[in-house]
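Input: a single structure, listed below in structure tokens.
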Amino acid sequence: MQLTSFSFLLFAGGLLILYYLVPRKLQWPLLLIASTVFYLCGGVENVFYILFTGAVTYGATRIIEKNQGKFDKKTAKKKNRVWVILTACLVFGLLAVCKVRFTFQNILLPLGLSFYMFQSVGYVLDVHRGTVKAEKNPLKHLLFVSYFPQLVQGPISKYGNLAPQLFAHHPYDGKQVAFGLQRMLWGFFKKMVIADRIAVAVVALKGPQYTGLSFFVLTVFYAIQIYGDFTGGIDIVIGLSEAFGIRLTENFVRPFFSKNIAEYWRRWHISLGEWMKDYIFYPISISSPMRKLSKSARKKWPNFGKRIPVYAASFATWFCTGIWHGITPNFILWGMMNCVVIVASEELTPLYEKFHNRFHLKEKKWYACFEMLRMFMLMNLIRIVDLFPNVGEYFRRMGTMFTSFSVPFMKLGLTGLDYGILLGGIVLMFAVSLFQEKKGSVREALLKQNAALRYTLIFLLFLAVLLLGSYGIGYDAGNFIYNQF
């Protein structure tokens, strides 16, 4: 049941009505039942993976908390470290097996597998660190693991942020429900009008005959597609949760306004970046072996030695981020390319500052636009490796980028009308992002307008999705790109 399918709209609409009709103490059990039904619709095996993850992490956290009260701090930490490692091996081991089967046997990855497994292991680590208490109710724990809106697209939530909201009583709030539905509508627009339409050209441009400037166009088109696809899905997820009275963490904050790759990753897929930072980067960089290695290296190479923890932790973090996306060489290359650019930029920061101070570039408005354009182009060249499991083909295409300057736009499966709709949609998407970057919430701004204007604009957006959306068989939209991860 895709988030943009007609069946999901009926399911979500019916659930939302029932959610505010039942006694408030029954709201979280209703969400658990709905989550179970949602995963059953995707296949019985989906529920098995959810139950396995829930059982392993529930048992581990209960044992960890019991040890914390039974033994002294040092002994408990030593015993619990074993349970953390065992839990991570079981959960991520299953994830690895599924990804291998998905990659080499062309089997669909179980629904939301990566998202809820990362979220659940993060919870176990938080209990181990003592930042949250272990959940005693197994059904409440299962709802945290299986809360259906977020686990198809993310975000990856922390227990301390999500659980209190899941189990709280939520009275009906008209503004909150309206805002949630409006955000869902905006997500449908980005996914179905923009991402699914331009996907046709992306598929065509992947063909081996398209080289030269066509490869550059592919990088731009794919950037538009994946942004509309992923942020559209996140808008639907966060909007539906908001209608339930549950506020999920933002996963995107207008990443294309970033001026460098490091800033871009603080704005794109934020929850995954935070997970990697909290549970991989920091633990490695401050670990005892890393401190000893750094201390030893500083005796011979003072400046290099003190940076070793950052280098090693960055490498491990980006390697794991690449593996999270896929186990094929292109995703590992993708992770390493991001790592190299970010680390090199950090190391060259003093040089950049001298250059900027010398020519006073930061004071010029045009330079900020140049930085954003530079980041966009560089990120496009890195991101496009997603589409080329054969990395040799990726480099071959990139090497031809300046050898041919013709692009057969009308042979890519799109008509002139399609390009017109895309242009209008992209301009609208950019205008909304610019407003948010400069002034804040569009929904709050609309609320201050008279009702006639507000409802007219919302109705026009609804018509755009209904009439201009790219539909498949049964009026269902295409699959989300991030479902494969």
Side-chain angles (χ1 to χ4, degrees), residues 2-4 111-123 144-163 165-166 179-191 194-195 223-258 261-281 317-318 320-322 324-325 334-335 338 375 379 383 386 429 432-433 436-437 440-443 479-485:
Q2 287 296 317
L3 295 182
T4 48
L111 198 61
L113 191 70
S114 291
F115 292 106
Y116 65 73
M117 285 188 167
F118 270 67
Q119 179 168 297
S120 300
V121 171
Y123 162 64
F144 166 73
V145 174
S146 66
Y147 178 56
F148 76 94
Q150 67 165 10
L151 297 181
V152 176
Q153 289 285 100
I156 301 170
S157 297
K158 285 182 172 290
Y159 182 85
N161 295 330
L162 179 59
Q165 298 188 78
L166 289 176
F179 271 25
L181 295 178
Q182 288 168 26
R183 183 154 185 180
M184 288 182 70
L185 183 59
W186 180 236
F188 287 129
F189 176 83
K190 288 196 286 186
K191 162 65 174 169
I194 299 175
I224 295 168
Q225 181 200 3
I226 197 170
Y227 178 78
D229 187 282
F230 199 6
T231 64
I234 289 294
D235 285 335
I236 295 169
V237 165
I238 293 180
L240 179 57
S241 292
E242 188 176 355
F244 289 136
I246 298 166
R247 294 190 177 274
L248 300 179
T249 181
E250 291 293 340
N251 217 24
F252 292 87
V253 183
R254 299 168 294 282
F256 292 140
F257 287 99
S258 305
I261 301 297
E263 183 187 356
Y264 171 89
W265 281 110
R266 292 192 293 269
R267 291 171 172 249
W268 177 284
H269 209 338
I270 298 168
S271 62
L272 177 64
E274 290 292 324
W275 197 98
M276 293 291 176
K277 181 176 67 177
D278 290 345
Y279 303 119
I280 296 180
F281 182 87
T317 300
W318 281 105
C320 291
T321 305
W324 180 86
H325 284 81
W334 172 88
N338 277 286
M375 182 286 306
M379 196 64 229
R383 184 191 296 109
D386 289 3
M429 192 164 61
V432 168
S433 296
Q436 291 171 328
E437 188 77 3
S441 172
V442 173
R443 292 176 296 175
N479 205 347
F480 284 91
I481 294 173
Y482 265 69
N483 279 14
Q484 65 184 300
F485 304 137

Go through the steps for Leu240 and Phe148 under the test side chain to side chain contact (heavy atoms under 4.5 Å, CB included), then give the verdict.
CA-CA 10 Å; Leu240 179 57; Phe148 76 94; 4.1 Å; yes

Report yes if the side chains of [X] and [Y] come closer than 4.5 Å at any heavy-atom pair, otherwise no.
X: Trp186; Y: Val442; answer: no
X: Met184; Y: Asp235; answer: no
X: Tyr116; Y: Leu113; answer: yes
X: Trp265; Y: Met379; answer: yes
X: Ile224; Y: Tyr227; answer: no
X: Ile246; Y: Tyr147; answer: yes
X: Phe230; Y: Trp268; answer: yes
X: Gln150; Y: Leu162; answer: yes

Between [X] and [Y], which heavy-atom pair has the shortest distance, and what is it?
X: Asp386; Y: Ile226; answer: OD2-CD1, 4.2 Å
X: Met375; Y: Ser258; answer: CE-O, 3.6 Å
X: Ala195; Y: Gly228; answer: CB-C, 3.8 Å

Mind checking whether Trp324 and Phe115 have ring centres under 6.0 Å apart?
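Yes - the distance between ring centres of Trp324 and Phe115 falls below the 6.0 Å cut-off.
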
Testing Lys190, Gln153, Lys191 for side chain to side chain donor-acceptor pair (under 3.5 Å) with Thr231, which one passes?
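Result: among Lys190, Gln153, Lys191, Lys190 is the only option passing the side chain to side chain donor-acceptor pair (under 3.5 Å) with Thr231.
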
Please check: side-chain N/O of Gln119 versus main-chain N/O of Ser157, any donor-acceptor pairing under 3.5 Å?
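Yes.
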
Presence of salt bridge, Arg266 and Glu263, under 4.0 angstrom
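No salt bridge links Glu263 with Arg266.
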
